[in-house]
2 protein chains.
Amino acid sequence: MSSSPAFTRAEPDARRQSLIEACARVLARSGAAGTSVRAIALEAGVSSGLVGHYFAGIDALVAASYTHVEAQVGAALNQALATAAADPRAQLDAYVTASFTPPVASGELLATWIAFWSLVRAQPAIARQHDEQYARFRSRLEALLAACGIAPATLRHTAIAVTALVDGLWLELSLSPGAFSAAEASAIARAQLDALISTSRSAC
Amino acid sequence: MSSSPAFTRAEPDARRQSLIEACARVLARSGAAGTSVRAIALEAGVSSGLVGHYFAGIDALVAASYTHVEAQVGAALNQALATAAADPRAQLDAYVTASFTPPVASGELLATWIAFWSLVRAQPAIARQHDEQYARFRSRLEALLAACGIAPATLRHTAIAVTALVDGLWLELSLSPGAFSAAEASAIARAQLDALISTSRSAC
DNA sequence: ACACTTGTTATACGATCGTCCAACAAGCAA
DNA sequence: TTGCTTGTTGGACGATCGTATAACAAGTGT
């Protein structure tokens with residue numbers, strides 16, 4: 001009689017990816033405090049020693065998870081833009097609404113993001129990663145706003161304002177879901193966009 | 001010859017307060033991950049065992065620090081309001097500007113706040129504390145906005161929007177100080193207030 | 001069938017965590 | 001001065017942390 005294999009050998013890239021995804025799930029479920037090498041390995045269904053085989057340390061794994069979650073959010077926003085109508089204002093609305101819809105707005109993603117924020121001050125590499133992510137997010141928004149007729153002179157400040165508004169609504173929506181609903185957040189953000197676009201001259 | 005005392009006995013309330021303040025300092029300096037009973041005791045200049053004498057556990061101490069930091073922020077905002085001119089719009093401006101000025105806007109306070117956020121999901125008591133804090137903040141803002149002539153029907157949404165805008169600006173200002181300056185954040189927020197107040201009818 | 005590479009496991013190690021507790025001493029009352 | 005209350009200390013305890021490493025086994029080429 002043949003016994004089943006004690007373990008299965010995985011393609012290195014696939015195994016690495018599964019560890020990253022397991023790390024993201026643990027971060028979402030337990031927060032930064034509960035994210036340990038052993039918890040991640042258990043979540044991924046491997047032994048704890050394997051983590052050291054693929055990553056220099058748990059910090060490197062967390063940084064890789066940061067990149068992965070960023071990519072997931074970016075993909076969700078991209079899909080929202082692709083699905084929406086082509087005119088600039090509809091694109092902007094889709095961008096904002098997607099920010100308040102799962103999977104972007106969710107308690108799990110919030111926990112992951114907070115875990116990253118908690119590392120920003122201590123780890124320069126994480127700080128640099130955040131700066132780049134924020135710059136990308138804002139630059140993308142600037143393009144959408146420019147297409148809506150926002151004057152170039154005020155483009156930077158407008159993008160900062162909208163980003164802050166969306167982030168603030170997203171944060172509070174995720175932190176205390178009882179305070180207001182996702183639909184309210186979306187309506188509030190759209191109303192602000194209306195005001196910004198109409199006062200900045202030129203229709204959309 | 002008389003040797004100096006091995007330790008000094010403190011008034012219970014004073015000792016308790018010094019532990020809370022030491023906890024807040026450690027949270028600010030090292031984040032939630034680096035905040036241990038021993039680190040707090042070292043910061044306060046007492047032995048680690050004393051923490052258990054004043055608090056049921058480190059979670060209770062962190063919750064007490066949350067309350068303390070909340071009170072500090074509230075006091076800073078109160079002082080800003082008291083110093084500013086009495087007319088409603090000046091009050092609103094002072095409220096917003098104070099949010100982007102130390103000690104409210106600072107890397108230390110951000111680290112403390114993130115540490116609390118990271119506990120919101122895991123600890124219902126912390127979540128309740130956050131909900132109450134957010135409700136107080138928003139209710140106060142509603143009063144200021146009402147005095148500026150915002151229509152009662154849109155008061156709630158306007159307060160949510162302004163709170164989100166201020167929080168988002170504050171967060172990003174503290175997370176990556178290089179992206180924009182405190183003066184810019186203040187100018188952006190005031191411009192948004194201008195737009196909100198002018199479109200909602202009635203001058204201020 | 002055999003050797004070889006290497007993904008994988010299991011364990012050990014020192015450090016640090018939160019909590020607990022017996023002993024000590026500071027300050028006050030008698 | 002003496003005794004008592006209790007704030008305070010310092011260390012012990014078990015659990016868990018991140019990391020390192022020897023032994024094992026799966027898969028591949030020969």
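In what follows, every chain begins at residue 1, and chains take the letters A, B, ... in the order their sequences are listed. If you're wondering where the values come from, they're calculated on a predicted model, not measured in any experiment.
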Query - Nearest heavy-atom neighbours spanning A:Leu81 and A:Gln91 - result: O-NE2, 2.9 Å
Query raised in the report: Picking from D:dG10, D:dG18, C:dC17, which would you name as closest to the side chain of B:Ser36?
Result: C:dC17
Report task. For B:Ile40 and D:dT8, give me the distance from atom CD1 to atom P, rounded to whole Å. Result -> 16 Å
Query raised in the report: When you check the phosphate oxygens OP1 and OP2 of D:dT8, does a side-chain N or O of B:Tyr54 lie under 4.0 Å from one of them?
Result: yes
Query raised in the report: A:Phe55 near the nucleic acid: base, sugar-phosphate alone, or nothing, with a heavy-atom cut-off under 4.0 Å?
Result: nothing
Atom pairs, protein N/O to nucleotides 19-25 of chain C N/O, distance under 3.5 Å:
unit_1 : atom_1 : unit_2  : atom_2 : d
C:dT19 : OP2    : B:Ile58 : N      : 3.2

Requested in this report: Please assess A:Trp113 against A:Tyr66 for the test ring-ring contact (aromatic ring centres under 6.0 Å, His included), listing each intermediate value before the final yes or no.
Outcome: CA-CA 8 Å; A:Trp113 223 256; A:Tyr66 194 178; 5.5 Å; yes
**Report entry** Set of salt bridge (Lys or Arg N to Asp or Glu O under 4.0 Å) partners for A:Arg29, sequence neighbours left out
**Finding:** A:Glu43
Query raised in the report: A:Arg15 has an atom CZ; how far is it from atom C1' of D:dG27, in whole Å?
Result: 14 Å
Query raised in the report: Which part of the nucleic acid, if any, lies within reach of B:Val51 when heavy atoms closer than 4.0 Å are counted: base, sugar-phosphate only, or nothing?
Result: nothing
Report summary line: note: A:Leu50, atom CG; C:dT6, atom P; distance rounded to Å ~ 15 Å
Query - Pair B:Ser118, A:Ser118: side-chain N/O donor-acceptor within cut-off below 3.5 Å - result: no
Report task. Check the side chains of A:Glu172 and A:Ser176 for a donor-acceptor pair under 3.5 angstrom, ignoring hydrogens and angles. Result -> yes
**Report entry** Near-ring test A:Phe100/A:Phe180, centroid separation under 6.0 angstrom
**Finding:** no
Query - Protein-nucleotide distance (B:His53, atom NE2; D:dG7, atom P), rounded to Å - result: 5 Å
Report task. Mind calculating the distance between CG (B:Leu42) and P (C:dT16) to the nearest angstrom? Result -> 13 Å
